[in-house]
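Right, one structure below, let's go through it.
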There are 2 protein chains.
Amino acid sequence: MPVAHDDTRPLTLRDVSEASGVSEMTVSRVLRNRGDVSPATREKVLEAAKALGYVPNKIAGALASQRVNLVAVIIPSFRNMVFPEVLSGISSVLEETDLQPVVGVTDYLPEKEEKVLYEMLSWRPSGVIIAGLEHTDASRAMLKASGIPVVEIMDVDGTPIDSMVGISHRRAGREMAKAILKAGFQNIGFMGTKMPLDHRARKRFEGFTEALAKNGVEIMDQEFYSGGSALAKGREMTRDMLDRTPELDFLYYSNDMIGAGGLLYLLEKGVKIPEEIGLAGFNGVELLDGLPRKLATMDACRTEIGRKAAQIIAARVDNPDAEIEKEIELTPTIAYGGTLRRK
Amino acid sequence: MPVAHDDTRPLTLRDVSEASGVSEMTVSRVLRNRGDVSPATREKVLEAAKALGYVPNKIAGALASQRVNLVAVIIPSFRNMVFPEVLSGISSVLEETDLQPVVGVTDYLPEKEEKVLYEMLSWRPSGVIIAGLEHTDASRAMLKASGIPVVEIMDVDGTPIDSMVGISHRRAGREMAKAILKAGFQNIGFMGTKMPLDHRARKRFEGFTEALAKNGVEIMDQEFYSGGSALAKGREMTRDMLDRTPELDFLYYSNDMIGAGGLLYLLEKGVKIPEEIGLAGFNGVELLDGLPRKLATMDACRTEIGRKAAQIIAARVDNPDAEIEKEIELTPTIAYGGTLRRK
DNA sequence: TTGAAAGCGCTAACAG
DNA sequence: CTGTTAGCGCTTTCAA
């Protein structure tokens, strides 16, 4: 039971020192399990600390030791289920170390990224994990100057500041295009998000159209949305697109949520899938397991990216000169589901 | 363009001071927009800071000023879409202030909550927003002793340590039970998560059964799941329960995701909804907008809870003695959708 | 095994 | 408007 202390000032090491009759230094040693302390003193100190309800001040500790056990993690959004999964990969690895992730969100805005980064770096974290390879010049400069390990994640189509872990979205788009053509579809429509700043979606789209072009095929129709429930948007866009371009025989969605919306719509209409129309999404979200028909998709290796990135940080914090692989490309595989088969 | 400095030591105020020929104190004033500084010196300082690529050290700043602009936010999980929405409510309010949220995750484990809380409090944040009213004794003690504003969110069925913002889950359960009975359903099944530590789900369930009992009705069947895709689980559980208890005429799901799974399953089977079977979920997630039929649900006021909680913290940080309402109960309303109407 | 002194990088408070 | 002084609460380093 914490014992009340005079005023409302937070407790300090000194309070514990006085309460236990042991020097501040020794109290500090006990509380950090550092150096040799006799079991007796140790006992006394722990008792006093607990009785008082002492919580160490990491700010002072960090300033004195010049070490901060935080890892800055910067992502575009929490709403896109992709990022929580990356975070859980990061957490699972960092939990084994004494490092702690601290998350910042950019809303896909470069200026906000810059601000968040500045804010986080000012806490002098031990490392940075940041989504994407595209940053403002100022952001790059800060990251370079920080002198701490930096891992850029999700994407490998570009040059990292320090190291990177991800998939090639360009290649992902190409692979999907090839699979669709191979399955015999030719009249292809595309639906995606209206987000010029989502570089990974853009790269997938570019890879996709590029691979089609190489085979003499061009997208017949395309539509981009923003805002609203992705599932509902997928439904609407699919309806509109098919009204507009009824000869389509395949729909490629830039994410699984809108793909699921499209799938539900088509099933309701009694459209034969994939005989009349084939479908594919992107991400491999768990949600798809519950749909009436499994949507073809491509796994973005989210958890694994998080794990690998955290491992790099942990290794470098442990030993700044550790020999580590600086560019890790994971390979997503196509899950064919029931919507991308030879028609 | 940042100018290289000798060694790899991070830059300090002193470096900027020397580069600009202005005292450290004045540099500090400029960088914080504090006090009066002549435009000329101001200019010089900003230029030097930018040229060097200086990023302030908040650790030192916080220690010196005894003020930390962080708000600790402690939630059970990122995976449950509820929490990202609460976060976005919090962010939207804190963005207008100079406070910053820092998120910690407990995985619904009281001991982990305790650990995360300890960890966060050791950074001496300006306030704490924490999900739920149930905590270990040690956690409560820490929160009380912290001397900072604490807002417990999501739930109001209990006594807060300091203040609380949320809905009454017990009442939510009761209201739903009444609505179901009023619509003429009597043979009711329940499906939920197998999470003894999800107190809010438990309270909803208790309120639900209690209100039924008051009307002489008892749940005919119930099932609890854990792990896996919620959509898929909803589908499976619904199938199993109807196989087991075919006379059911209403299914109440503890969250919208499993409810959506059940809905999709029943629609596929050609079951008439709500004539043969009525359905309801809980949360009011955006996802539902895209389903073939809108599922009845109850809004959990997620964003609003986040906003209100952040407002309380901001007000108290601004003025510790501010007169504020300490217990805010929001009232969820039933969205009837198309699955809870008189059959 | 324990303690004393010095200082981490910044800001409050005051003086000019 | 600008500078000086004295810490913030801890840990590092060295001495006992």
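Side-chain atoms are counted along with the backbone in the values below, which use heavy atoms only and exclude waters and symmetry mates. Per chain, numbering begins at 1; letters A, B, ... match sequence-line order.
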Do the side-chain N and O atoms of [X] and [Y] include a donor-acceptor pair separated by under 3.5 angstrom?
{"X": "B:S28", "Y": "B:R32", "value": "yes"}
{"X": "A:S126", "Y": "A:R67", "value": "no"}
{"X": "B:S23", "Y": "B:T26", "value": "yes"}
{"X": "B:R79", "Y": "A:S88", "value": "yes"}
{"X": "B:H135", "Y": "B:E114", "value": "no"}

Please state whether the rings of B:F78 and A:F78 are parallel, tilted or perpendicular, taking 30° and 60° as the class boundaries.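 Because their plane-to-plane angle is under 30°, the rings of B:F78 and A:F78 count as parallel.
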Is there a residue in residues 36-46 of chain B whose heavy atoms reach under 4.0 Å of DNA chain D, and which residues are they? B:D36, B:V37, B:S38, B:T41
With a strict under 4.0 Å distance from non-hydrogen atoms of chain B, what nucleotide opens and what nucleotide closes the contacted stretch of DNA chain D, reading 5' to 3'?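 Contacts span D:dC1 to D:dG9, reading 5' to 3'.
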Nucleotide by nucleotide, nucleotides 10-16 of chain C touches protein heavy atoms under 4.0 Å in the pattern (B base, S sugar-phosphate only, - none) BBBBB--
Quick check: do [X] and [Y] have side-chain heavy atoms less than 4.5 Å from each other?
{"X": "A:I75", "Y": "A:V86", "answer": "no"}
{"X": "A:V68", "Y": "A:W123", "answer": "no"}
{"X": "B:K44", "Y": "B:V22", "answer": "yes"}

I'd like to know whether B:E47 forms a salt bridge (Lys or Arg N to Asp or Glu O under 4.0 Å) with B:R42, so could you lay out the CA-CA distance, the side-chain angles of the two residues, the decisive distance to 0.1 Å, and finally the verdict. CA-CA 9 Å; B:E47 209 166 295; B:R42 194 186 154 66; over 6 Å; no
